[in-house]
Amino acid sequence: MDYFQNLNPQQQQAVMATFGPVLVLAGPGSGKTRVLTHRIAYLIGAMGVPAYHILAVTFTNKAAREMGTRVTNLLDEQTQGLTLGTFHSTCARILRRESDKLPIDSNYVIFDADDQIRVVKQALQDLNIDDKQYRPVSVHAAISNAKNELIFPDDYKDQSYRGKVVAKVYRRYQELLLISNGVDFDDLLLWTAFLLDNFPEIRQKYARRFEHVLVDEFQDTNQAQYVLLKHLASFHNNIFVVGDVDQSIYRWRGADYRNVLRFEEDFPDAQIILLEQNYRSTQTILDVAMAVIDRNPHRKPKKLKTSRGQGKKVVFYEAYDDRQEGQYVVDTITSLVARHIANPGDFAVMYRTNAQSRLLEEAFLRANLPYKLVGAQRFYGRKEVKDIIAYLRLVYNPGDEVSLFRVINIPPRGIGNKTVIDLQILAQNEKDNPGKILINLSKGIESEYRHSFTKRAATVLSKFGELLTNWTELANQLSVLGLMDRIIEDAGYHEYIDDGTDEGHDRWENVEELRRLAAEYQDRGIESFLEDIALVSDQDTLNETTNVPTLLTLHAAKGLEFPMVLIVGLTDGILPHVRSFEDPEAMQEERRLFYVGITRAKDQLYLISSLNRSSFGFTEPVEESRFLLDIPDGFFFNERTTRSHSRWKTGISSTEPRWGTSVSKPDGDQTPQYSPGSRVEHPVWGEGMVLNSRMQDDEEIVDIFFEDLGLKRVAASLAKLEIKHD
DNA sequence: ATAAAGTGACTTTTT
DNA sequence: GTCACTTTAT
């Protein structure tokens with residue numbers, strides 16, 4: 001078996017690098033996944049390292065799955081025993097095994113983002129803190145940041161007034177999680193790091209086991225992850241990390257690309273390998289990417305090269321507003337597909353914020369075109385899906401208060417607010433768990449809690465407790481799907497959500513989808529099911545099988561590639577986002593985000609901006625993204641529009657304040673002569689398709705797509721266009 | 001106890 | 001222009 005087939009010299013060097021620390025700095029499209037998979041295969045196949053002794057961590061399940069299949073293909077055998085997963089799922093497994101050392105039980109549940117906010121709210125309420133002044137999301141962010149830096153409540157040292165309040169909330173928040181036998185995402189890392197820090201025998205056990213530790217997307221690790229890795233590699237010292245500081249886009253989540261620099265300091269004997277040869281994009285795309293990223297300060301300049309040739313120029317389009325942006329996207333895709341220049345599945349439409357997807361989706365729906373949207377949140381965030389999961393979580397771990405109070409009266413079963421509060425107070429006084437109190441109540445007359453409630457309340461509560469008891473007993477006998485169906489049946493959930501309306505039908509469809517997912521867990525238990533769905537990322541839901549365009553955020557696009565990439569919303573305030581204006585570090589990250597988007601493109605790039613944008617209900621004029629000004633005109637296919645063109649020429653820097661520009665509006669009194677979709681003949685450029693037309697100062701401005709030239713914007717009176725009739 | 005109607009905050013990005 | 005949370009009416 002040749003483990004170096006189709007690898008360039010640098011890639012080969014990385015694959016068979018000697019043992020010890022290795023840092024691979026890999027530019028976009030330089031084959032870093034290839035290097036990682038080949039190295040794992042090489043270690044197992046050529047070096048005889050048992051798969052059991054190898055640990056490889058990624059950031060998404062999709063990346064892990066992909067690596068798994070590729071390694072298996074290379075080795076032509078099962079890679080039994082290989083530990084390959086995300087940071088979070090790997091930690092989750094370690095915690096289940098070692099929970100006896102920690103204040104959690106092995107059947108702990110993982111609280112998602114929504115649950116975490118609920119717990120913060122509860123903590124604020126318990127401490128009588130005003131949640132208007134201390135917004136749950138912002139308090140949670142502070143707690144999360146602390147956890148990412150491995151700071152426990154007792155070590156929280158912010159002495160400002162606000163800091164002291166946060167410390168109190170943090171302590172209560174953590175108590176509440178433990179009462180529920182739950183952990184949040186950050187806890188998975190925090191508790192594992194705690195375990196390895198404080199129990200030498202456990203650290204030894206794992207550090208000895210993992211002869212080789214390999215890490216993907218190393219620039220996105222936070223401090224907790226970095227410490228974790230150092231512990232895990234502490235015995236054999238074979239740590240192989242791959243990353244690119246220019247693609248670090250998760251600072252807000254605690255990621256610190258400085259970990260790459262820290263790695264060089266902490267492992268001075270590390271081998272450093274550079275992968276610069278790009279196999280993905282055309283040179284034009286790489287040049288544009290470099291023009292953008294080179295403006296970031298304190299970078300080691302990097303030269304991206306490809307052997308793919310210059311390729312086509314970049315198409316720039318300035319739409320009237322964000323709605324028309326969507327129309328342009330759909331028109332462009334339709335037109336290129338109709339001409340057999342590309343397949344629908346070749347396209348990806350990328351945007352900065354999730355909110356932007358709505359108008360795009362509407363444009364696709366109007367045109368009756370299928371698309372796929374990357375975003376697990378969409379599905380798992382649905383009320384009906386969360387309800388069912390909450391039921392399952394509650395059965396798996398009756399201590400889970402968040403899930404209990406979520407479903408205690410869903411569907412309505414006569415347990416009102418008053419009763420719920422009484423139950424909470426009782427639980428607090430008795431230092432018992434509300435879920436267990438319910439189960440106790442279901443014993444009927446013998447229950448000591450019977451008299452703590454009114455007769456009516458005791459009846460409804462014990463009835464629910466009875467259901468819970470039954471399900472808990474069934475949990476061991478039934479499959480996940482069996483249990484789920486039983487719960488839906490007993491709770492009357494189907495009738496509750498499917499009320500005969502269209503929306504009701506949709507809601508039930510979502511439950512059906514969840515049932516299909518559960519069906520895949522026939523031979524794995526409820527534990528795997530709950531863990532997997534708690535740790536799915538947006539990217540994980542993406543499957544390449546369908547030949548339709550993909551809609552996704554720039555963040556979700558990292559690690560992916562598409563022949564045709566359209567980036568929309570290139571206006572100041574969206575990209576770069578307003579929230580980054582005051583913070584230079586954040587602004588640099590916005591630039592990296594744009595860079596990541598650009599470098600996803602293999603063949604052609606469309607950059608789309610608009611003159612007006614609706615935000616917060618109203619439409620207002622907006623400025624073109626300052627990043628666009630950093631791209632020299634020569635890379636664009638079409639003429640830049642007057643507005644940006646003149647600014648480029650006069651050399652007004654992107655940092656200068658901008659004056660209000662006159663915004664052109666379609667004139668209602670005059671009707672454009674050329675309608676979108678119609679075909680026209682241009683004396684020089686030949687045949688093209690009208691994508692858009694609008695009146696401006698008594699002149700019709702027409703955007704026409706020509707097969708060979710791309711998009712052109714012309715004034716109808718000057719261009720001598722001829723309308724073609726089929 | 002529950003459904004309907006009103007208020008107010010909110011939009012970065014996600015394991 | 002949406003969602004979640006609160007108040008009010010039945």
Side-chain angles (χ1 to χ4, degrees), chain A residues 57-64 85-92 110-114 116-118 121 125 131-132 135-138 140-141 144 147-148 183-190 217 220-222 224-225 248-255 350-359 374-378 380-383 408-420 454 456-457 460 531-541 552-558 569 573-581 583 586-587 589-590 592-594 596-597 613-619:
Chain A
V57 277
T58 61
F59 274 87
T60 65
N61 297 295
K62 181 171 180 282
T86 64
F87 273 100
H88 289 86
S89 67
T90 306
C91 288
I110 300 166
F111 281 18
D112 68 19
D114 188 60
Q116 292 169 32
I117 296 302
R118 281 169 193 260
K121 280 182 190 156
Q125 211 179 74
D131 66 353
K132 292 273 184 299
R135 304 211 162 281
V137 270
S138 120
H140 178 263
S144 176
K147 288 185 172 185
N148 286 331
V183 303
D184 62 19
F185 295 134
D186 304 314
D187 279 342
L188 291 168
L189 309 173
L190 183 75
E217 308 276 18
D220 285 332
T221 51
N222 60 32
Q225 288 160 332
S248 161
I249 54 173
Y250 286 105
R251 195 179 80 105
W252 48 273
R253 208 168 77 187
M350 301 176 187
Y351 38 84
R352 174 68 239 262
T353 68
N354 277 309
Q356 291 172 262
S357 76
R358 216 189 79 242
L359 284 171
V374 180
Q377 184 62 34
R378 263 291 217 287
Y380 291 104
R382 299 295 306 248
K383 178 192 180 302
I408 194 164
N409 201 31
I410 301 286
R413 49 174 74 88
I415 305 174
N417 223 290
K418 172 93 172 58
T419 313
V420 168
T454 61
R456 194 189 127 72
V460 283
E531 187 169 304
D532 287 357
I533 58 178
L535 297 177
V536 282
S537 72
D538 277 354
Q539 269 200 20
D540 299 336
T541 56
L552 75 180
T553 63
L554 287 162
H555 281 88
K558 194 173 66 148
I574 298 289
L575 187 72
H577 196 270
V578 254
R579 306 268 284 239
S580 69
F581 283 0
D583 178 354
M587 180 59 80
E589 182 146 308
E590 295 292 303
R592 291 196 291 268
L593 195 53
F594 188 31
V596 165
R613 184 157 296 277
S614 54
S615 65
F616 183 47
F618 292 95
T619 303

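Order of the sequence lines fixes the chain letters, A, B, ..., with proteins taken first and strands second; residue numbering starts at 1 for each chain. No hydrogens, no waters, no symmetry mates; every other heavy atom, side chains included, goes into these values.
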Contacts of D583(A) meeting salt bridge (charged side-chain N to carboxylate O under 4.0 Å, His left out) (sequence neighbours excluded), chain-then-number -> R251(A)
Crowded around K383(A) NZ? As in, over 12 foreign heavy atoms under 6.0 Å? yes
Contact class for D112(A) (heavy atom, under 4.0 Å): base, sugar-phosphate, or nothing? nothing
Can you measure N61(A) atom CG to dT14(B) atom P for me and round it to whole angstrom units? 15 Å
Here the distance between atom C1' of dT14(B) and atom CD of E589(A), to the nearest Å, is 12 Å
Sequence neighbours excluded, the answer for side-chain contact (heavy atoms from CB on, under 4.5 Å) partners of T86(A) is T58(A), N61(A), H88(A), S89(A)
Would you please name every residue forming a side-chain contact (heavy atoms from CB on, under 4.5 Å) with S357(A), sequence neighbours left out? Y351(A), E361(A), L373(A), R378(A)
When you measure from the side-chain N and O atoms of T60(A) to the phosphate of dT15(B), is any distance below 4.0 Å, counting only OP1 and OP2? no
Does R358(A) have any salt bridge (charged side-chain N to carboxylate O under 4.0 Å, His left out) partners at least two apart in sequence or in another chain, and if so, which? E362(A)
Output one line per pair: protein atom, nucleotide atom from nucleotides 1-10 of chain B, and distance, for all N/O pairs under 3.5 Å.
residue	atom	partner	partner atom	Å
dA1(B)	OP1	G416(A)	N	2.9
dA1(B)	OP1	T419(A)	OG1	3.4
dT2(B)	OP1	G414(A)	N	3.2
dT2(B)	OP2	N409(A)	ND2	2.9
dC10(B)	OP1	R135(A)	NE	2.8

At a 4.0 Å cut-off to heavy atoms of chain A, the contacted part of DNA chain C spans dG1(C) to dC5(C)
Partners passing salt bridge (charged side-chain N to carboxylate O under 4.0 Å, His left out) against D220(A) (at least two apart in sequence or in another chain): K558(A)
According to side-chain hydrogen bond (donor to acceptor under 3.5 Å, both in side chains), who are the partners of K121(A), at least two apart in sequence or on a separate chain? none
Verify stack between W252(A) ring and dT13(B) base, 5.5 Å, 30 degrees: yes
Based on Watson-Crick and G-U pairs with both distances under 3.5 Å, what dot-bracket line describes DNA chain C 5' to 3', crossing pairs as [ ] and inter-strand pairs as |? .|||||||||
So, using side-chain hydrogen bond (donor to acceptor under 3.5 Å, both in side chains) as the criterion, who are the partners of Q225(A) when residues are at least two apart? none
Students often get this wrong, so: under 4.0 angstrom with heavy atoms, is F87(A) touching a base, only sugar-phosphate, or nothing? nothing
Can you tell me the Watson-Crick or wobble partner of dT13(B), both distances under 3.5 angstrom? none
Going by the rule salt bridge (charged side-chain N to carboxylate O under 4.0 Å, His left out), which residues pair with R118(A) if we only count those two or more places apart in sequence or in a different chain? D114(A)
Check the angle between the aromatic planes of W252(A) and H555(A) and answer parallel, tilted or perpendicular using the 30° and 60° thresholds. perpendicular
From CZ of R592(A) across to P of dT13(B) the rounded distance in Å is 18 Å
Rounded to the nearest angstrom, tell me the gap between atom CD1 in I110(A) and atom P in dT15(B). 13 Å
By side-chain contact (heavy atoms from CB on, under 4.5 Å), T419(A) pairs with (sequence neighbours left out) I415(A), A457(A), L461(A)
